[in-house]
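Structure first, commentary second.
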Amino acid sequence: MSMVTRFAPSPTGFLHVGGARTAIFSWLLAKHNQARFVLRVEDTDLQRSTPEATQAILDGLTWLGLDWDDLKYQSQRTELHNEFIDRLLDSGQAYWCACSAEEVEAMREKARAEGRKPKYDGCCREKNLGPGKGRVVRLKAPLTGSTDYLDMVKGHISWPNQEMDDMILRRSDGSPTYNLAVVVDDHTMGITHVLRGEDHVANTPRQILIYNALGLTPPAFGHVPMILGPDKKKLSKRHGATSVIEYEKDGILPEAMLNYLARLGWSHGDQEIFSREELIEHFNTEHLGTSAAVFDTAKLHWLNAHYIKEAAPERIAALLLPLLAERGIHTDDIKAIAAVVPLYAPRSKTLVEMADGLDFFLVDDDKLKYDEKAVGKFLKDESKTHLQAIRDGLIALDDFTEETIDNVLTSYLAAHELTFKAIAQPIRVAITGRTNSPGLHETMLGLGREKTIARLDRAMAM
RNA sequence: GUCCCCAUCGUCUAGUGGCCCAGGACGCUGGCCUCUCACGCCGGUAACGCGGGUUCAAACCCCGCUGGGGACGCCA
């Protein structure tokens, strides 16, 4: 039997980093084994599911570079789900229950008060009731023994059957419930390996019970640990960004996110940097971790910085366009941006940082903002005489190259017995408006002679 | 409350009984480089939760404790 894996999100919001990670693991498991990867949108809760959320999830997965061989919507499969419920009813593995939601809640309260597991007490189990208004269908689950399985990541898991009650398969409104739908879908879609979040561990024995009742073989299950915030609590909005798309907005590259998430809870020896291909080549469930992991933005940023340095400048330039527009720089000159990207690639952890760094190259000369403190400190009269001389030297040049620029600077310094330090910051502040920038020669080159001169003029007039 | 799961540097992790008085990476930090800021390079800091076993030998196996997480829906 050939392997098929799946990712089954419920479209009630954006793609969370936790969901993204299980999607990545399932996708990698499939790719590593040349297997099929299917996406099943679990949109049966019509109240909470939205088409926008579905789209957001698909967008998130696409951004990460994940693809799928099949896309299914659970809400369109209820007929199939019901057939299986009927089958269970026919074979006596399921029964009708007339207890109301309130009555069941009372049973749970009672059990809780007595220090037992809160659950349905099985009162209609042997009543042989037929269908009727307000009635649900329940699984006739085993009362004793345990349900065991071998988890791909956690190993042997044993669940006492007494801990589980006769779960509802079909609601009083006739709709199938989650556990039933998942079993039917996984089975009919030929899913062989289910990798999902740890919050599903308790569902697994329940689903196995359904497989057993149906006489079907369950797939292999694996449960990956949760992702925690810096305070070791379940990652949530108060920790900052939790949606992968928010990270895109924050200037994270998808390959950095993919690498980071894949490496969070999984390892391959000491290797930290993984290309998509390496991930596919090395991924296995044996090296999935068993304990929860804290999401560390600093490490994500380190990886992102790495990938920014590796990326083609044109690609980065294109990604910078909207960020520059936000900063009032409306251009679509990819080439011009790409020309200065290499200067900021080693200086940026995110694209946002990069946009903040290199905006001075692109902004109009008269709109360049000067840092007041920097001006006060470095653009004094004495500095301005240096700037004037250098400006004149630059303007007289036949070619504007790193070498000719250097000649102007060094000859001026030599003639006046000055060190480079004496003029570096004044020039920098004059042409960039601030005290930090890439090397002076490359900054001037990146700016071009015209802008360099214009800015020197403007600075001297201050 | 009941059940299930988990436990190595601040963080991500390597480690599957001897190669570990525990390795890598991020972070932090000292230095080098240097026109600023970065990059880069070299160095440092820092962990097997506790207590019992088993064994010639335990981070690795077993038991208990403690601590954390998850589940207990006519949500998914």
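Proteins get letters first, then strands, A, B, ... in listed order; numbering begins at 1 in each. Values in this document were obtained by computation on a predicted structure and should not be read as measured data.
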Have a look at [X] and say if it touches a base, only the backbone sugar-phosphate, or nothing, with a 4.0 Å heavy-atom cut-off.
{"X": "A:Lys119", "answer": "nothing"}
{"X": "A:Gln47", "answer": "nothing"}
{"X": "A:Ile157", "answer": "sugar-phosphate"}
{"X": "A:Thr290", "answer": "sugar-phosphate"}
{"X": "A:Gly265", "answer": "sugar-phosphate"}
{"X": "A:Asp173", "answer": "nothing"}
{"X": "A:His306", "answer": "nothing"}
{"X": "A:Leu264", "answer": "sugar-phosphate"}
{"X": "A:Val294", "answer": "sugar-phosphate"}
{"X": "A:Arg434", "answer": "nothing"}
{"X": "A:Ser158", "answer": "sugar-phosphate"}
{"X": "A:Thr435", "answer": "base"}
{"X": "A:Ser172", "answer": "base"}
{"X": "A:Thr44", "answer": "sugar-phosphate"}

From [options], nucleotide with atom closest to [X] side chain:
{"X": "A:Arg206", "options": "B:C39, B:G24, B:A71", "value": "B:A71"}
{"X": "A:Lys421", "options": "B:U36, B:A76, B:A7", "value": "B:U36"}
{"X": "A:Glu198", "options": "B:C74, B:C5, B:U13", "value": "B:C5"}
{"X": "A:His287", "options": "B:C39, B:G15, B:A76", "value": "B:G15"}

Would you check if there is a donor-acceptor pair between the side chains of A:His81 and A:Asp185 at a distance under 3.5 Å? yes
Does the side chain of A:Asn259 come under 3.5 Å of the side chain of A:Tyr307 through a donor N or O and an acceptor N or O? yes
Could you measure between the two [atom1] atoms, the one in [N] and the one in [M], and give it in whole Å?
{"N": "B:G10", "M": "B:C48", "atom1": "C1'", "result": "16 Å"}
{"N": "B:G51", "M": "B:C39", "atom1": "C1'", "result": "50 Å"}
{"N": "B:U45", "M": "B:C4", "atom1": "C1'", "result": "38 Å"}
{"N": "B:C41", "M": "B:C50", "atom1": "C1'", "result": "42 Å"}
{"N": "B:U66", "M": "B:G23", "atom1": "P", "result": "33 Å"}
{"N": "B:C6", "M": "B:G27", "atom1": "P", "result": "31 Å"}

Kindly indicate whether the side chain of [X] and the base of [N] share any N or O donor-acceptor pair separated by less than 3.5 Å?
{"X": "A:Thr177", "N": "B:C74", "value": "no"}
{"X": "A:Asp199", "N": "B:G70", "value": "no"}
{"X": "A:Asn179", "N": "B:A76", "value": "no"}
{"X": "A:Lys299", "N": "B:C12", "value": "yes"}
{"X": "A:Glu272", "N": "B:G24", "value": "yes"}
{"X": "A:Arg347", "N": "B:C39", "value": "no"}

Derivation and outcome, side chain to side chain contact (heavy atoms under 4.5 Å, CB included), residues A:Thr22 and A:Leu195: CA-CA 7 Å; A:Thr22 58; A:Leu195 224 38; over 6 Å; no
Would A:Lys140 and A:Asp166 count as a salt bridge (charged side-chain N to carboxylate O under 4.0 Å, His left out) if you check the C-alpha gap in whole Å, the side-chain angles of each, and the deciding distance to 0.1 Å? CA-CA 6 Å; A:Lys140 192 176 262 184; A:Asp166 288 349; over 6 Å; no
Are any of [X]'s side-chain N or O atoms less than 4.0 Å away from OP1 or OP2 of [N]?
{"X": "A:Ser267", "N": "B:A14", "answer": "yes"}
{"X": "A:Arg108", "N": "B:U2", "answer": "no"}
{"X": "A:Lys233", "N": "B:G68", "answer": "no"}

Is the count of non-hydrogen atoms from other residues, nucleotides or ligands lying under 6.0 Å from A:Lys451 atom NZ greater than 12? yes
Take A:His441 and A:Ser291, find for each the nucleotide of RNA chain B with the closest heavy atom, and name the residue whose nucleotide sits nearer the 5' end. A:Ser291
Which residue lies toward the 5' end of RNA chain B, A:Gly115 or A:Lys154, if each is placed at its nearest nucleotide? A:Gly115
Can the positive tip of A:Arg138 be found less than 6.0 Å from the middle of the six-membered ring of A:Tyr120, inside 45° of the ring normal? yes
Any ion pair linking A:Arg276 and A:Glu255 (charged N to carboxylate O, less than 4.0 Å)? no
Nucleotide opposite B:A25 in a Watson-Crick or G-U pair, distances under 3.5 Å: B:U11
Across all strands, who's sitting opposite B:U36 as a Watson-Crick or G-U wobble pair, both distances under 3.5 Å? none
Using the side chain to side chain contact (heavy atoms under 4.5 Å, CB included) rule, take A:Leu320 and A:Leu358 through it: C-alpha gap first, then chi angles, then the decisive distance, then the call. CA-CA 10 Å; A:Leu320 247 20; A:Leu358 54 63; 4.1 Å; yes
